[in-house]
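Some notes on the structure that comes next.
Whatever order the structure lists them in is the order used to number ligands and atoms, beginning at 1. Atoms considered below: every heavy atom in the structure, side chains included; atoms not considered: hydrogens, waters and symmetry mates.
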Amino acid sequence: MEFSSEANQRIARISAHLYPPNLQNSCLRQAKCRAKGGAAGFKVAILGAAGGIGQPLAMLMKINPLVSVLHLYDVVNTPGVTADISHMDTGAVVRGFLGQPQLENALTGMDLVIIPAGVPRKPGMTRDDLFNINAGIVRTLCEGIAKCCPNATVNLISNPVNSTVPIAAEVFKKAGTYDPKKLLGVTMLDVVRANTFVAEVLGLDPRDVDVPVVGGHAGVTILPLLSQVKPPCSFTQEETEYLTNRIQNGGTEVVEAKAGAGSATLSMAYAAVKFADACLRGLRGDAGVVECAFVASQVTELPFFASKVRLGRQGAEEIFQLGPLNEYESGLFCLLHLCFQDWLGESEERVSWKHSKGHLLQQEMKRCQEKFHRLSFFSLESPSPVISKP
Ligand SMILES: NC(=O)C1=CN([C@@H]2O[C@H](COP(=O)(O)OP(=O)(O)OC[C@H]3O[C@@H](n4cnc5c(N)ncnc54)[C@H](O)[C@@H]3O)[C@@H](O)[C@H]2O)C=CC1
Ligand SMILES: O=C([O-])CC(=O)C(=O)O
């Protein structure tokens, strides 16, 4: 149903604020929900909205003018977070959903679903250590998406992204709803960090810097392409190694600084909103929206790979080639490739097999490090990165 008059629109907006939401009868259930001023807006759900990432992410999405309806779902604390955020005088209507029985209502009719649900790392852990618990959480949430909003674009944040994205793909395949263009692993924080650290070295404003970061989202699978930085620039070998190491271990740097209180939340919420905004602009039909994301890909032999993608009405409509790599990046790519082999199997079983055989991967890495001894400071995901600024 389209809102034909301003009065209808106001009534719809007021009724949408009533709690608990009655989605069956609400006219806001319709796809053409409109934001203040009559502009079309998108319906966005955040799953894990009461968490360290979820709360600032919800706050920032409430400010986004492209969002008309914001659904906040978690297994704890959503009434409080929702009441709090709903008082912000911005356009989006906010509704809270608590616990599994409300998951379907949270998801019905959504255009974009952002998933930061799951446990974060503590010092000494790798992202892979989160696999067992987070894989189960992501699986359940994706089953809900397949049922209630099969056409939604999904931004998957929960770690280990290198494995949760293939798992989500399996769930959607099983449900017959898989659209590889609409399943996007969020690696934007790697780009945000790379822009910041490179700007620091070059003495530039980070907003003027663009660093493509490709591969995956853990340790050596994070490959910043420093030879393709915009504006064009060059680095000494020492700067290159410092920057690569710091970008690859940025997550660990925060985990250790937080000393047991979790991993990156505020910078991640910022990065997630930057990425979600790009997805929404793409959905709106804006031209030339390009960001890095971890997607099903034919750019390399690996079935999933992060690279620059063009975001459009259908999701990741175009996946760009990596472009020319210099010798150093080619060596890193070789390491990354070894690390990913088998890891990103086509099936969930293979992903969990790889997880349980993580020690074999470590041995493989060691062999590779010996081969590329110039790169020997890399570890799969170093719990204690040595960061020495040139
Ligand atoms: N992709 C990336 O670049 C990054 C990913 N992460 C990952 O994001 C995830 C979340 O991190 P934080 O927000 O710091 O953790 P957190 O523990 O503060 O919040 C997670 C939230 O998920 C909720 N949750 C747990 N099970 C759920 C379920 N079945 N359904 C809905 N919600 C559920 C929890 O109740 C909690 O509110 C972690 O896996 C972390 O490793 C963190 C930083 C960067
Ligand atoms: O390091 C972690 O566990 C969280 C994360 O993915 C990041 O900050 O890049």
Assess Arg193 for proximity to ligand 2: is some non-hydrogen atom of it under 4.0 Å away?
yes

As an exercise, identify every atom of ligand 1 less than 4.0 angstrom from a heavy atom of Tyr73.
30 (N), 31 (C)

Which residue and atom name correspond to the protein heavy atom nearest atom 9 (C) of ligand 1, and how close is it?
Pro116 O, 3.6 Å

Nitrogen or oxygen of Asn134 less than 3.5 angstrom from that of ligand 1
yes

Is it the side chain (CB and beyond), the backbone, both or neither of Arg127 that lies under 4.0 Å from ligand 2, heavy atoms counted?
side chain

Ring geometry between Phe97 and His71 (parallel below 30°, tilted from 30 to 60°, perpendicular above 60°):
tilted

Any N/O of Gly118 closer than 3.5 Å to an N/O of ligand 1?
yes

Ligand-residue contact atoms, ligand 1 with Ala264, heavy atoms, under 4.0 Å
42 (C), 43 (C)

Those atoms of ligand 2 less than 4.0 Å from some heavy atom in Gly251:
1 (O), 7 (C), 8 (O), 9 (O)

Flag the pair Glu239 and Arg246 as a salt bridge only when some basic side-chain nitrogen lies within less than 4.0 angstrom of an acidic carboxylate oxygen.
no

Side chain, backbone, both or neither: which part of Ile53 has a heavy atom under 4.0 Å from ligand 1?
both

Can you name the atoms of ligand 1, numbered from 1 with element, that are less than 4.0 Å from a heavy atom of Leu130?
41 (O)

Nitrogen or oxygen of Val76 less than 3.5 angstrom from that of ligand 1
no

Any Thr140 heavy atom less than 4.0 Å to ligand 1:
no

Using a 4.0 Å heavy-atom threshold (strictly under), name the region of Ala117 that reaches ligand 1: side chain, backbone, both or neither.
both

Ligand 2-proximal atoms of Met188, by part, heavy-atom distance under 4.0 Å
neither

Below 3.5 Å, N or O to N or O, backbone or side chain included: is there any such pair between Leu189 and ligand 1?
no

Output yes when Glu317 and Lys181 qualify as a salt bridge under the 4.0 Å nitrogen-oxygen rule, no when they do not.
no

We want to know whether Thr252 and Arg121 form a side-chain donor-acceptor pair, criterion being a heavy-atom distance below 3.5 angstrom.
yes

Per-atom filter on ligand 1: closer than 4.0 angstrom to a heavy atom of Ala50 are 37 (O)

Geometric N/O contact Ile137 with ligand 1, under 3.5 angstrom
no

Measure Asn159 to ligand 2 on non-hydrogen atoms and call it side chain, backbone, both or neither using the 4.0 Å cut-off.
side chain

Does at least one non-hydrogen atom of Leu189 fall below 4.0 angstrom from an atom of ligand 2?
yes

Whether over 12 other heavy atoms sit under 6.0 Å from Ile63 CD1
yes

In ligand 2, the atoms that come under 4.0 Å of a heavy atom of Ala264 are 8 (O)

Any luck finding a side-chain donor-acceptor pair between Asp111 and Thr153 under 3.5 Å?
no

Any idea which atoms of ligand 1 are less than 4.0 Å away from a heavy-atom of Val161?
1 (N)

Give the atoms of ligand 1, by number and element, whose distance to some non-hydrogen atom of Thr265 is under 4.0 Å.
14 (O)

Location of contacts on Val161 toward ligand 2, heavy atoms closer than 4.0 Å:
neither

Counting each atom of ligand 2 from 1 as listed, which ones have a heavy atom of His217 under 4.0 Å away?
5 (C), 6 (O), 7 (C), 9 (O)

Can you name the atoms of ligand 2, numbered from 1 with element, that are less than 4.0 Å from a heavy atom of Arg121?
1 (O), 2 (C), 3 (O)

For a quick test of reading the model, state the closest non-hydrogen atom pair linking Asp190 to Gly216 and the distance between them.
OD2-O, 4.0 Å

Any luck finding a side-chain donor-acceptor pair between Lys62 and Thr90 under 3.5 Å?
yes

Distance-only N or O hit between ligand 1 and Met268, under 3.5 Å:
no

Ligand 1 atoms in contact with Gly52 (distance to a heavy atom under 4.0 Å)
13 (O), 16 (P), 18 (O), 19 (O)

Is Leu98 close to Val75 at the side-chain level, that is, under 4.5 Å between some pair of heavy atoms?
no

Would Arg121 count as a polar contact of ligand 1, with the cut-off being nitrogen or oxygen pairs under 3.5 Å?
no

Judging by distance only, is a nitrogen or oxygen of Asp74 under 3.5 angstrom from one on ligand 1?
yes

Does only the side chain of Met188 get under 4.0 Å from ligand 1, or the backbone, or both, or neither? Count heavy atoms.
neither

Cut-off 3.5 Å, side chains only: do Asn64 and Asp277 have a donor facing an acceptor?
yes

Would you say the side-chain atoms of Thr265 and Lys258 include a donor-acceptor pair closer than 3.5 Å?
yes

